[in-house]
Amino acid sequence: MQKICVAPSILSADFAAMGAAVEDLERCGADLIHCDVMDGTFVPKITFGSDMIAAVRRHTALPLDVHLMCVNPLVKAEDFIRAGADIVTVHAEACGKDLREVVRYIRTFGVRAGVAVSPDTPLRGIYHSLEEADMLLVMSVYPGRGGQKLIERTLAKAEEAKEFFAAHGLAKDIEMDGGITEENAAAVQAAGVNILVAGNTVFRSPDKAATIRALREARA
Ligand code: DX5
Ligand code: ZN
């Protein structure tokens, strides 16, 4: 089993005070910083681009987990890698038949590559790409905004991935993103997830350090 990590999403931070927000997350025990890049095409909203990743990079030594909700990720990935991303995750829906090529391309830069699947995207058809990726990101809400409720049926997809990886002797990370709370974190971990993304749950907490710890230790 991979190490359990908590990756707070800066989508829920005050964008006008991002440096301080990231420093605070590091002080509060975050394992990774999850950065949600939305391009206005793959999803309706636009958040930020690689300049934000470079700016955040100057405020933390934590790994930057960059979730690209973008079309044409093959063209855009390098920019985010040069800006300081440690993990670059692309959506299977945005890559289509090029998914494996995109994963391979990202890994040529020496960073980790993730594959994200939206709630209605099945894993069948992408297994050959997952074998080459470092991480699977199971979206537990429809991508596009924070603060939504976790869609329970997505847990089965994490379980399916856990079984596939175990059956093939593959040590991959499984990340889940969307609607994770202190209440459902144990079930999320039980499904095989080892990286828990949390936006609202962390940022709305009066005690971020305690919340991050509770998410990590939910199943302990
Ligand atoms: C949604 C984003 C998530 C989001 C999670 O498209 O990918 O990372 O910020 O936020 P919460 O934890 O509030 O659902
Ligand atoms: Zn995300």
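When a ligand or atom number is given, it counts from 1 through the structure's own listing order.
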Rounded to the nearest 0.5 Å, what separation is found between the CG atom of D173 and the CZ atom of F165?
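It comes to 9.0 Å.
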
Under a 4.0 Å threshold between the charged nitrogen and the carboxylate oxygen, would [Y] count as salt-bridged to [X]?
X: D24; Y: K208; answer: yes
X: R104; Y: D98; answer: no
X: K45; Y: D39; answer: no
X: K76; Y: D79; answer: no

Could you walk me through whether R112 and D86 pass the salt bridge (Lys or Arg N to Asp or Glu O under 4.0 Å) check?
CA-CA 6 Å; R112 296 165 72 77; D86 298 281; over 6 Å; no

Is there a nitrogen or oxygen of [X] sitting under 3.5 Å from a nitrogen or oxygen of ligand 1?
X: H67; result: yes
X: S12; result: no
X: G147; result: yes

Quick one: report the N, O or S atom of [X] that is nearest to the Zn ion (ligand 2).
X: H67; value: ND1
X: D177; value: OD2
X: D36; value: OD1

Return the closest protein heavy atom for [atom] as residue, atom name and distance.
atom: atom 3 (C) of ligand 1; value: D177 OD1, 2.9 Å
atom: atom 12 (O) of ligand 1; value: G199 N, 2.7 Å
atom: atom 10 (O) of ligand 1; value: G146 CA, 3.6 Å
atom: atom 1 (C) of ligand 1; value: R145 O, 3.5 Å
atom: atom 6 (O) of ligand 1; value: G144 N, 2.8 Å
atom: atom 14 (O) of ligand 1; value: G179 N, 2.8 Å

Are side-chain N/O atoms of [X] and [Y] paired as donor and acceptor at under 3.5 Å?
X: S140; Y: T154; value: no
X: T47; Y: D36; value: no
X: D65; Y: H67; value: no

Please list, in number order, the atoms of ligand 1 under 4.0 Å from a heavy atom of [X].
X: N200; result: 11 (P), 12 (O), 13 (O)
X: G178; result: 14 (O)
X: H34; result: 8 (O)

Test item: K172 side-chain N/O and A133 main-chain N/O as donor-acceptor pair under 3.5 Å
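Between the backbone of A133 and the side chain of K172 there is a qualifying donor-acceptor contact (under 3.5 Å).
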
K149 (side chain) donor-acceptor with G179 (main chain) under 3.5 angstrom:
no

Indicate, as side chain, backbone, both or neither, the part of [X] found under 4.0 angstrom from ligand 1 when only non-hydrogen atoms are considered.
X: A198; answer: backbone
X: M38; answer: side chain
X: L11; answer: side chain

Evaluation steps, salt bridge (Lys or Arg N to Asp or Glu O under 4.0 Å), between E132 and R107
CA-CA 9 Å; E132 297 197 28; R107 298 189 87 243; over 6 Å; no

Measuring from atom 9 (O) of ligand 1, which candidate in D36, V37, V141 has the nearest non-hydrogen atom?
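Nearest heavy atom to atom 9 (O) of ligand 1 lies in D36.
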
